[in-house]
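Note that the numbering runs from 1 along the sequence shown for the chain.
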Amino acid sequence: MAVDDEQFDAAVAADREGRIDEAHALLEQVLTRRRDELGPDHEDTLAAADRFAGLVAQLGDTDFALAVDRDTLARRVRLHGVDDSRTLTTASSLAATLAQVGELQEALRVYDDVHIRRRDVLGPDAPHTLDTGRNIVALGVALDAIDLVRELAQESLERHRRVFGEDDPRTIDAAHQFGAVLRGAGDVVWARSVDAEVFARAGRVLGERHPWTLRSGGALAVDADLLGDTGTAAAWRQWLAERQG
């Protein structure tokens with residue numbers, strides 16, 4: 001049995017409930033003890049390191065989080081190989097932290113490698129594969145690399161609909177991304193149609209004040225502006241102001 005299992009579980013629970021500082025303190029103790037008693041390469045130590053890096057990134061110490069992720073990834077590659085699911089989870093964590101610090105091109109490179117390997121190992125419809133695809137599309141939009149991700153964005157939405165159904169939050173997110181890609185490609189009329197459907201579905205499934213519903217309202221305001229419909233754009237911004245205030 002792993003050292004400090006109960007403390008580790010308590011840290012995970014605290015993280016899920018948003019008590020980040022408490023989770024950080026617990027995991028730091030667990031990680032230190034596991035490194036001392038089990039060794040830095042033990043699977044339980046590496047599992048704690050994965051969690052710890054994510055918490056450190058949330059708390060703003062991204063340099064430390066990157067160092068932990070890189071160390072854990074190097075150990076996993078050496079111990080398990082590049083295609084192991086645990087290695088790919090750590091690589092995905094590293095990519096997320098890279099994106100958080102603004103290293104978008106490097107994050108995209110890591111996510112792309114993870115995506116290729118997950119498609120090969122898990123299959124194109126596996127939830128982890130689809131999650132990675134959405135991460136790549138998000139970075140492509142942020143980098144204005146629309147041509148790079150347009151095909152993936154459309155394929156991603158089709159797969160999400162088939163695997164999870166129209167109302168799953170992951171599908172709603174994939175549809176929002178597709179709208180952003182269409183807008184970036186200049187297909188604003190199509191983007192507005194997609195964004196309107198996303199807005200209606202997000203409001204019904206997630207609630208009117210959910211951040212994803214609000215971002216869809218913001219997307220519709222941008223669509224209206226780009227189409228020269230300033231009155232509709234103003235109405236959407238007023239709607240947003242009333243719910244964000």
Novice: For a side-chain hydrogen bond (donor to acceptor under 3.5 Å, both in side chains) check, start with the C-alpha distance between R134 and H160, then their side-chain angles and the critical distance, and finish with the verdict.
Specialist: CA-CA 10 Å; R134 292 201 317 279; H160 276 77; 2.9 Å; yes
Novice: Would you find more than 12 non-hydrogen atoms of other residues, nucleotides or ligands less than 6.0 Å from E151 atom CD?
Specialist: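 Atom CD in E151 is not crowded, with 12 or fewer foreign heavy atoms closer than 6.0 Å.
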Novice: Enter the distance from D113:CG to L108:CG here, rounded to the nearest 0.5 Å.
Specialist: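 Those atoms lie 11.5 Å apart.
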Novice: Please determine if D173 and R215 form a salt bridge, counting it only when a charged side-chain N lies under 4.0 Å from a carboxylate O.
Specialist: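 Result for this pair is yes, salt bridge flagged.
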Novice: Is a salt bridge present between D84 and R117, judged by a nitrogen-to-oxygen distance below 4.0 Å?
Specialist: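 No.
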Novice: Among residues two or more places apart or on two chains, list those pairs meeting ring pair (Phe, Tyr, Trp, His ring centres under 6.0 Å) that have a residue in residues 176-207.
Specialist: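 For residues 176-207, and leaving out neighbouring residues, the ring pair (Phe, Tyr, Trp, His ring centres under 6.0 Å) pairs sorted by first residue read F178-W190, F199-W236, F199-W239.
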Novice: Would you compute the distance between atom CG of D223 and atom OG1 of T232 and round it to the nearest 0.5 angstrom?
Specialist: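 With rounding to 0.5 Å, CG (D223) is 11.0 Å from OG1 (T232).
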Novice: Can you confirm whether the side chains of D195 and S216 place a donor and an acceptor under 3.5 Å from each other?
Specialist: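 Note: D195 and S216 side chains miss the donor-acceptor criterion.
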Novice: Salt bridge or not for R209 and E242, using N-O below 4.0 Å?
Specialist: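 No, R209 and E242 are not salt-bridged.
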Novice: Assess the residue pair R243 and H210 against the criterion (side chain to side chain contact (heavy atoms under 4.5 Å, CB included)); give the C-alpha distance rounded to whole Å, side-chain angles, the decisive distance to 0.1 Å, and a yes or no.
Specialist: CA-CA 10 Å; R243 286 153 183 81; H210 190 278; over 6 Å; no
Novice: Within this structure, what is the CG-CG distance for the pair L27 and L55, rounded to the nearest 0.5 Å?
Specialist: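 If I round to the nearest 0.5 Å, the distance is 5.5 Å.
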Novice: Would you name the heavy atoms of L226 and V188 that are closest together and state the gap between them?
Specialist: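 It is CB-CG1, 4.0 Å.
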Novice: Give a yes or no on this: more than 12 heavy atoms of other residues, nucleotides or ligands lie within 6.0 Å of atom NE2 of H128.
Specialist: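 Atom NE2 in H128 is not packed in, count stays at 12 or less.
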Novice: Quick check: do R75 and H80 have side-chain heavy atoms less than 4.5 Å from each other?
Specialist: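 No, every pair of side-chain atoms sits at 4.5 Å or beyond.
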Novice: Check T87, D50, D71 against R76 for a side-chain hydrogen bond (donor to acceptor under 3.5 Å, both in side chains) and give me the one that passes.
Specialist: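 With R76 as partner, T87, D50, D71 yield a single side-chain hydrogen bond (donor to acceptor under 3.5 Å, both in side chains), made by D50.
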Novice: When you check the gap from the basic side-chain N to the acidic O, do R162 and E158 get nearer than 4.0 Å?
Specialist: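 E158 and R162: not salt-bridged.
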Novice: Does the side chain of L206 come within less than 4.5 Å of P169's, by heavy atoms?
Specialist: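 Yes, at least one pair of side-chain atoms sits under 4.5 Å.
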Novice: Are the side chains of D15 and Q58 in touch, meaning some heavy atoms are under 4.5 Å apart?
Specialist: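 Yes, at least one pair of side-chain atoms sits under 4.5 Å.
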Novice: Counting C-beta onward and ignoring hydrogens, is there a side-chain heavy-atom pair between V141 and Q177 closer than 4.5 Å?
Specialist: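 When only atoms from C-beta onward are counted, Q177 and V141 do not touch, as no gap falls below 4.5 Å.
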Novice: Under a 3.5 Å cutoff, is there a donor and acceptor pairing between the side chains of T171 and R161?
Specialist: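 Not at all, the side chains of T171 and R161 share no donor-acceptor pair under 3.5 Å.
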Novice: Is it true that, when you exclude F164 itself, more than 12 heavy atoms of the residues, nucleotides or ligands shown sit nearer than 6.0 Å to its CZ?
Specialist: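 Atom CZ in F164 is crowded, with more than 12 foreign heavy atoms closer than 6.0 Å.
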Novice: Could you please spell out the steps behind the salt bridge (charged side-chain N to carboxylate O under 4.0 Å, His left out) verdict for D187 and R150?
Specialist: CA-CA 11 Å; D187 295 329; R150 178 164 181 166; 2.8 Å; yes
Novice: How close do A233 and A221 get, heavy atom to heavy atom, and via which atoms?
Specialist: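 Closest pair (atom of A233, atom of A221, distance): CB-O, 3.6 Å.
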Novice: Side-chain heavy atoms under 4.5 angstrom apart, residues restricted to Ile, Leu, Val, Met, Phe, Trp, Tyr: same cluster for I146 and L104?
Specialist: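 Hydrophobic grouping puts I146 with L104.
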Novice: Taking the basic N atoms (NZ, or NE/NH1/NH2) and the acidic carboxylate oxygens, is any pair closer than 4.0 Å for D125 and R119?
Specialist: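 No, D125 and R119 are not salt-bridged.
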Novice: State, without any angle test, whether T45 and R35 hold a side-chain donor-acceptor pair at a distance under 3.5 Å.
Specialist: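 Result is no, nothing qualifies.
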Novice: State, to 0.1 Å, how close T213 and G203 come at their nearest heavy-atom pair, and which atoms those are.
Specialist: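 Scanning both residues, the minimum pair turns out to be OG1-N, 3.6 Å.
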Novice: Which is it for R118 and D83 under the salt bridge (charged side-chain N to carboxylate O under 4.0 Å, His left out) test, yes or no, and what are the steps along the way?
Specialist: CA-CA 8 Å; R118 280 180 166 167; D83 290 331; over 6 Å; no
Novice: Could you check whether D131 pairs with R170 (Lys NZ or Arg NE/NH1/NH2 to Asp/Glu carboxylate O, under 4.0 Å)?
Specialist: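 Answer for the salt bridge query: no.
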Novice: Indicate yes or no: at least one non-hydrogen side-chain atom of R204 is less than 4.5 angstrom from one of D167.
Specialist: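 Result yes, sub-4.5 Å side-chain heavy-atom pair found.
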Novice: Taking all non-hydrogen atoms of both residues, which atom of A175 and which atom of V198 are closest, and how far apart?
Specialist: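 Looking at all heavy atoms of both residues, the shortest contact is CB-CG2, 3.4 Å.
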Novice: If you look at every heavy atom in A99 and A107, which pair is closest and at what distance?
Specialist: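 For A99 versus A107, the nearest heavy atoms are N-CB, 3.7 Å.
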Novice: Could you walk me through whether R51 and H24 pass side chain to side chain contact (heavy atoms under 4.5 Å, CB included), step by step?
Specialist: CA-CA 9 Å; R51 281 276 183 177; H24 178 276; over 6 Å; no
Novice: Output yes when D41 and R78 qualify as a salt bridge under the 4.0 Å nitrogen-oxygen rule, no when they do not.
Specialist: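 R78 and D41: salt-bridged.
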Novice: So which heavy atom on A191 is nearest to which on L182, and how close?
Specialist: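 Of all heavy-atom pairs spanning A191 and L182, the closest is CB-CB, 3.9 Å.
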Novice: Please lay out, stage by stage, how V56 and V68 fare under the test side chain to side chain contact (heavy atoms under 4.5 Å, CB included).
Specialist: CA-CA 9 Å; V56 169; V68 174; 5.8 Å; no
Novice: Is the shortest heavy-atom distance from the side chain of E28 to the side chain of R33 under 4.5 Å?
Specialist: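 Sidechains of R33 and E28: no contact.
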Novice: When hydrophobic residues are tied together by side-chain contacts of less than 4.5 Å, even through go-betweens, does L143 share a cluster with V137?
Specialist: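 Yes: a chain of side-chain contacts under 4.5 Å links L143 to V137.
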Novice: Taking atom CD1 of I136 and atom CG of D112, what is their separation to the nearest 0.5 Å?
Specialist: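 The distance works out to 5.0 Å.
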Novice: When Ile, Leu, Val, Met, Phe, Trp and Tyr are grouped by side-chain heavy atoms lying under 4.5 Å apart, directly or through other members, which residues fall in the same group as L46?
Specialist: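 Answer for L46: L79.
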Novice: When rounded to the nearest 0.5 angstrom, what is the spacing between OG1 in T89 and CG in L94?
Specialist: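 Taking OG1 in T89 and CG in L94, the distance rounds to 12.5 Å.
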Novice: Are F64 and L59 connected in the hydrophobic side-chain network, where two residues link if heavy atoms are under 4.5 Å apart?
Specialist: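 Yes; L59 is reachable from F64 via cluster members.
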Novice: In Å, rounded to the nearest 0.5 Å, how long is the span from CG of L157 to CD1 of I172?
Specialist: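 Answer for the CG-CD1 pair, L157 versus I172, is 11.0 Å.
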Novice: For D229 and R192, run side chain to side chain contact (heavy atoms under 4.5 Å, CB included): C-alpha distance rounded to whole Å, both residues' side-chain angles, the deciding distance at 0.1 Å, then the answer.
Specialist: CA-CA 12 Å; D229 189 352; R192 182 165 66 173; 4.0 Å; yes
Novice: So, T97 side chain and A65 main chain: donor-acceptor pair closer than 3.5 Å or not?
Specialist: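 Side chain of T97 to backbone of A65: no pair is present.
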